[in-house]
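For ligands, and for the atoms within them, numbers begin at 1 and follow the listed sequence.
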Amino acid sequence: SKLQIVYFFLRGRAEAIRTLLVEQGVEYEETDVMPMEKWLNYWKPKMAFGQCPLLIDGDFELVQSNAILRYLGRKYDLYGSSIQEAARADMINDGVEDLRGAYTVLIYQNYEDGKDDYVKALPDKLRPFENLMKDTKGYILGEKMTFADYNLFDLLDIHLTLAPTCLDTFPALKSYHSRVLQRPGVQKRRNSQNFKDMKINFNGKE
Ligand SMILES: N[C@@H](CCC(=O)N[C@@H](CS(=O)(=O)O)C(=O)NCC(=O)O)C(=O)O
């Protein structure tokens, strides 16, 4: 049976998961948790933490977007080939989660008043990723993509929407973003109507 992603009709925290699955050639179905009444009364109570995305893989169910990415990383051999490689992918994915969390607070709680300061402080948040990516042979672990690359790419991509010049002083990140964007599987996702129809965030702010 096909994998199922249960989430809002949004890029949000599911986009890295979708892009991974499309590029790996894994068929999946998308279940929209809305309308709001359905989310609140049917889906939300089923979710371990009251939140989505949820991945359904046969009779296995998993929430937490980063746990889902890591599960798919293990399932499709996108987690390196040593414990040190896996740990580097984990480290960078945790860094992505830190910045994604700050981005989420801006978008949902403080966009109008906080955007200028957020964008001003953004170089200090991106510089660690530039330093971590400047000596790699393409991706987080070298020549092969990992689950964390899909998350880092999505993080950079949503920040390019928020602040289009934010990578101009970070050549490694700028070339990394376009390298991932040009991958055939990523292009397949990006060119899909489903992707084009989805907003980044629930409140439409970006
Ligand atoms: N740590 C969780 C956070 C999930 C989360 O915040 N989900 C939000 C939607 S979104 O922020 O990912 O867009 C949600 O379910 N919100 C609805 C609710 O909390 O009722 C994860 O990574 O999956």
Mind checking whether G12 has a heavy atom under 4.0 Å from ligand 1? no

Please state whether W39 comes within less than 4.0 angstrom of ligand 1, counting heavy atoms only. yes

Hey, could you give me the OH/CG distance between Y71 and L3, rounded to the nearest 0.5 Å? 7.0 Å

Hey, is R70 close enough to D94 for a salt bridge, meaning N to O under 4.0 Å? yes

Could you report the tightest heavy-atom contact between L173 and L126, atom names first, then the distance? CD1-O, 3.6 Å

Exercise: identify the closest heavy-atom pair between I200 and E206: CD1-OE1, 3.7 Å

Any donor-acceptor N/O pair, T19 side chain to A16 backbone, under 3.5 Å: no

Per-atom contacts, ligand 1 versus [X] - under 4.0 Å to a heavy atom:
| X | answer |
| --- | --- |
| R13 | 3 (C), 4 (C), 12 (O), 21 (C), 22 (O) |
| K44 | 18 (C), 19 (O), 20 (O) |
| P53 | 23 (O) |

[atom] - nearest protein heavy atom and its distance:
| atom | value |
| --- | --- |
| atom 19 (O) of ligand 1 | Q51 NE2, 3.1 Å |
| atom 22 (O) of ligand 1 | S65 OG, 2.6 Å |
| atom 2 (C) of ligand 1 | Q64 OE1, 3.1 Å |

Measure the acute angle between the ring planes of Y79 and F147, then classify it against the limits of 30° and 60° as parallel, tilted or perpendicular. tilted

Within reach of ligand 1, part of Y7 (heavy-atom separation under 4.0 Å): side chain

Identity of the nearest option to atom 7 (N) of ligand 1, non-hydrogen atoms only, from C52, A67, G50: C52

Any protein heavy atom at under 4.0 Å, with atom 11 (O) of ligand 1 as the reference point? no

Please name all residues satisfying side-chain contact (heavy atoms from CB on, under 4.5 Å) with L181, sequence neighbours left out, ordered by chain then number. F153, H177, Q187, R190

By the definition side-chain contact (heavy atoms from CB on, under 4.5 Å), identify the one residue from K44, K46, R13, M47 that meets it with C52. M47

